[in-house]
Amino acid sequence: MPKHAIIAGTGIYDLPGFDPTPVVVETPFGPAAYNRCQGDLVFLPRHGLHHDTPPHAINYRANFWALHSLGVESVVAAYAVGSLHRSIPLRGLALMTDFIDRTNGRADTFYTGGDWGVGHADMSRPYCPRLGKVILEQAAAQGVEIVPKATYAATNGPRFESPAEVRLLTAWGGDVVGMTGVPEVALARELGMHFAGVGLSMNLAVGLEEELAVVRDLSAQRAAMLSILQQALQGFEDGPGCGCVGAVDFLGATKMSIPRAHPRT
Ligand code: HPA
């Protein structure tokens, strides 16, 4: 039974050892597709089977619901990002520890009221610190540099940011900017999953450089990142101690728990 998942987008359409035949899952939000990998790992291409769904149109809820219904407990998301600081170098990796949401119009919660209930996910530690620690250890073991603490500023896209927007995101404490990190982090939390995000910098945000220059050839960096993520998930155990399981507070409203196809043992 799948326990772990890697979600990825731009430039990452497979994983070593993955089964190219996609599996389509029906969810209350529409279909989602994933690929089986070795062992208890699955791979979910967030932009869909044909890599043609733009960030603002991704069916994030279907993707996460599908993983949840398969029994997935731990998810690592790989993100193409722009660096808001030179301290996150071009082609460099960064582990997310916080986020800023500048998206709009996305279906970003399962708790929509009525039968779905009302719940409020605790965001004091949005990303799983236990999973993050294992990722940093794996990066060190593989001799790969990774910035250990970064705030992901999520924009709606599909356009890039203006120079003034980049100044705003930097002033707010953003370290990297991307278009898909939210609502993924929030939905994972609503489902009580252990969730980590790793960004790979494809460009410096405008303002740091006069003109936008997106690096195309990142295959070596992508392979290094995926190896770290695969190794980190291997043997990672569900469990308490990080606050991910049961991160939703119902604040006195009727507790509606989202059904799980495979209850945790
Ligand atoms: N902005 C938003 N999303 C991105 C960027 C960026 O500069 N680079 C890669 N994804």
Side-chain angles (χ1 to χ4, degrees), residues 6-13 44-48 50-60 63 75-108 126-127 135 144-147 149-188 195-226 228-229:
I6 291 179
I7 299 184
T10 316
I12 302 178
Y13 306 121
L44 193 144
R46 69 164 66 81
H47 296 281
H50 308 292
H51 321 302
D52 59 356
T53 312
H56 63 283
I58 291 173
N59 194 339
Y60 294 96
N63 286 350
V75 180
V76 180
Y79 296 112
V81 296
S83 295
L84 291 167
H85 299 289
R86 287 186 194 277
S87 56
I88 300 183
L90 205 53
R91 300 190 167 84
L93 295 180
L95 178 74
M96 301 313 142
T97 48
D98 208 343
F99 73 90
I100 297 166
D101 182 9
R102 288 280 298 163
T103 66
N104 60 72
R106 300 183 178 190
D108 59 359
Y127 300 89
I135 290 171
V144 177
E145 298 247 350
I146 179 166
V147 173
K149 191 169 180 286
T151 295
Y152 184 109
T155 58
N156 212 47
R159 66 171 177 82
F160 285 101
E161 301 69 46
S162 68
E165 286 171 325
V166 169
R167 288 197 296 278
L168 181 77
L169 297 174
T170 310
W172 282 356
D175 296 307
V176 295
V177 55
M179 302 174 192
T180 53
V182 180
E184 289 190 351
V185 60
L187 296 174
F195 181 77
V198 172
L200 169 59
S201 174
M202 306 183 57
N203 58 284
L204 300 178
V206 289
L208 294 184
E209 278 198 317
E210 241 160 68
E211 296 209 342
L212 183 68
V214 179
V215 176
R216 307 279 159 191
D217 178 20
L218 286 166
S219 47
Q221 289 79 9
R222 286 193 182 109
M225 173 171 68
L226 290 176
I228 292 166
L229 304 187

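Note that ligands are numbered from 1 as they come in the structure, with each ligand's atoms numbered from 1 the same way.
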Problem set entry | Flag for Glu165-Thr155: side-chain donor and acceptor within less than 3.5 Å | no
For this session: Report the member of Ala154, Ala80, Ser83, Gly157 with the shortest heavy-atom distance to atom 10 (N) of ligand 1.
Result: Ala80
For this session: Measure up the Tyr127 and Phe195 rings against each other and bin them: parallel (under 30°), tilted (30 to 60°), perpendicular (over 60°).
Result: parallel
Problem set entry | Chi angles and distances behind the side chain to side chain donor-acceptor pair (under 3.5 Å) call for Asn156, His56 | CA-CA 6 Å; Asn156 212 47; His56 63 283; 5.7 Å; no
Exercise. Should one rank Pro55, Ala205, Gly178, Gly181 by closest heavy-atom distance to atom 3 (N) of ligand 1, which comes out on top?
Worked result: Gly178
For this session: Please report the closest heavy-atom contact between Ala94 and Ala150, naming both atoms and the distance.
Result: CB-CB, 3.9 Å
Exercise. Tell me: protein heavy atom nearest atom 2 (C) of ligand 1, and distance?
Worked result: Glu161 OE2, 3.1 Å
For this session: Show your working on side chain to side chain contact (heavy atoms under 4.5 Å, CB included) between Val176 and Met96 and close with a plain yes or no.
Result: CA-CA 9 Å; Val176 295; Met96 301 313 142; 3.7 Å; yes
Problem set entry | Asp175/Leu84 under side chain to side chain contact (heavy atoms under 4.5 Å, CB included): CA gap, chis, key distance, verdict | CA-CA 5 Å; Asp175 296 307; Leu84 291 167; 5.6 Å; no
For this session: For atom 4 (C) of ligand 1, find the nearest protein heavy atom and state the residue, atom name and distance (0.1 Å precision).
Result: Val177 O, 3.7 Å
For this session: Say whether Asn203, considering both its backbone and side-chain N or O atoms, lies within less than 3.5 Å of an N or O atom on ligand 1.
Result: yes
For this session: Show which atoms of ligand 1 fall inside a sub-4.0 Å distance from at least one heavy-atom site of Phe160.
Result: 1 (N), 4 (C), 5 (C), 6 (C), 7 (O), 8 (N)
Exercise. Polar-atom distance check: Gly82 versus ligand 1, any N or O pair below 3.5 Å?
Worked result: yes
